[in-house]
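So the structure is just underneath, and the comments pick up after that.
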Amino acid sequence: MEEAKTNVRAVERALDILLCFTDSTDLGLSEIASRLSLHKSTVHRLLATLENKGFLIRDAQTEKYRLGFRIWELSANLTHSDDPATVLLPEMERLRDLVGETISLYVRDGNERIRIQAVQSNQPIRRVAPIGARMPLFVGASSKVLVAYAEPEVLQAVLNDPNWPDSIEREAYLEQLEQIRAQGFATSVEERELGAAAVAAPIFNRNGKLVAAIAASGPSNRLTPEKMREFARPIMEAAYRMGKMMK
């Protein structure tokens with residue numbers, strides 16, 4: 001039993017090492033050990049295993065690691081599945097060309113949302129949306145959409161999140177969710193990022209299940225409340241078309 005626990009812990013740590021590369025292209029042994037609060041000897045053994053299996057590559061000169069080709073082999077299989085990031089990309093590009101702002105696709109993971117796809121605006125001043133970014137579910141247009149149409153237990157988990165900010169009143173938050181369900185879209189102005197605004201709508205698959213949120217975001221001085229209301233209709237229409245593409 002103890003050996004099984006040790007093996008599971010090693011797997012978890014190896015996966016934690018790979019997750020360190022979601023916001024960094026290359027990392028050294030000390031950096032990884034510091035991020036994970038692990039001994040260098042432990043990290044070194046795991047890095048050697050990941051390198052041997054092709055999940056990481058070590059630069060002989062800098063002694064830093066980067067993701068290996070085995071990662072790309074795995075991700076390539078996503079294009080053969082019902083992966084929203086791949087399937088919905090053409091529709092996202094069409095929506096970007098229509099509204100002229102950055103378009104992002106989000107899915108819920110626990111009490112966070114993850115940006116799994118983005119199409120950058122062609123405007124000279126735009127909001128850059130990095131893929132893979134994680135954000136809390138209690139702020140932002142897409143977060144509110146993902147909670148408003150989720151199961152009751154998801155809402156309770158968000159309301160009980162220990163990181164819930166004191167600046168947000170839960171009653172006011174619940175009222176926002178009701179309004180979102182009534183109108184079919186959500187907006188946010190500088191809720192998470194100074195100078196940024198967004199408008200988002202839910203994507204339901206062909207079985208009526210919430211699968212993602214689609215959002216247009218940009219500078220708040222350009223994406224005004226009036227402009228967001230104007231964009232709401234084409235975003236909801238795009239969300240409806242996207243949903244028909246999902247199983």
- Got a donor-acceptor contact below 3.5 angstrom from the Arg206 side chain to the Lys244 backbone? yes

Next item on the list: Indicate whether any N or O donor in one side chain lies under 3.5 Å from an N or O acceptor in the other, for Thr25 and Arg66.
Entry: no

Q) Is there a donor-acceptor pair closer than 3.5 Å between any side-chain N or O of Asn160 and the backbone N or O of Gln156? A) yes

* Is the CD atom of Glu226 crowded by more than 12 outside heavy atoms at less than 6.0 Å? -> yes

TODO: Inspect the contact between Arg9 and Glu12 and indicate whether a charged nitrogen and a carboxylate oxygen are less than 4.0 angstrom apart.
DONE: no

Between the CZ atom in Arg13 and the CG atom in Leu38, the distance rounded to the nearest 0.5 Å is 5.0 Å

Worksheet item: Is a side-chain N or O of Arg58 found less than 3.5 angstrom from the main chain of Ala60, in a donor-acceptor match?
Response: no

- Task: Please confirm whether the backbone N or O of Phe185 pairs with a side-chain atom of Gln183, one donor and one acceptor, at under 3.5 Å?
- Result: yes

Check: Counting distance only, does the side-chain N/O of Thr102 pair as donor-acceptor with the main-chain N or O of Gly218 below 3.5 Å?
Finding: no

Start with the C-alpha distance between Glu178 and Arg181, add both sets of side-chain angles, then the distance that settles salt bridge (charged side-chain N to carboxylate O under 4.0 Å, His left out), and finish with yes or no. CA-CA 5 Å; Glu178 288 184 14; Arg181 286 189 288 267; 5.1 Å; no

Review point. Could Lys227 and Glu230 be called an ion pair, given the rule that one side-chain N must be under 4.0 Å from one carboxylate O?
Key: yes

What pairs of donor and acceptor atoms, side-chain ones from residues 195-203 against any protein atom, are under 3.5 angstrom apart with sequence neighbours left out?
none

- Message: Check this for me, if you would: do Arg134 and Asp109 make a salt bridge, where the nitrogen-to-carboxylate-oxygen distance has to be below 4.0 angstrom?
- Response: yes

- Say whether Ser30 and Lys40, considering side chains only, have a donor N or O and an acceptor N or O under 3.5 Å apart. yes

### Query
Could you go step by step and tell me if Glu93 and Arg96 meet the salt bridge (charged side-chain N to carboxylate O under 4.0 Å, His left out) rule?
CA-CA 5 Å; Glu93 292 174 337; Arg96 184 273 314 275; 5.5 Å; no

Check: What about Tyr149 and Phe204, are their ring centers closer than 6.0 Å?
Finding: yes

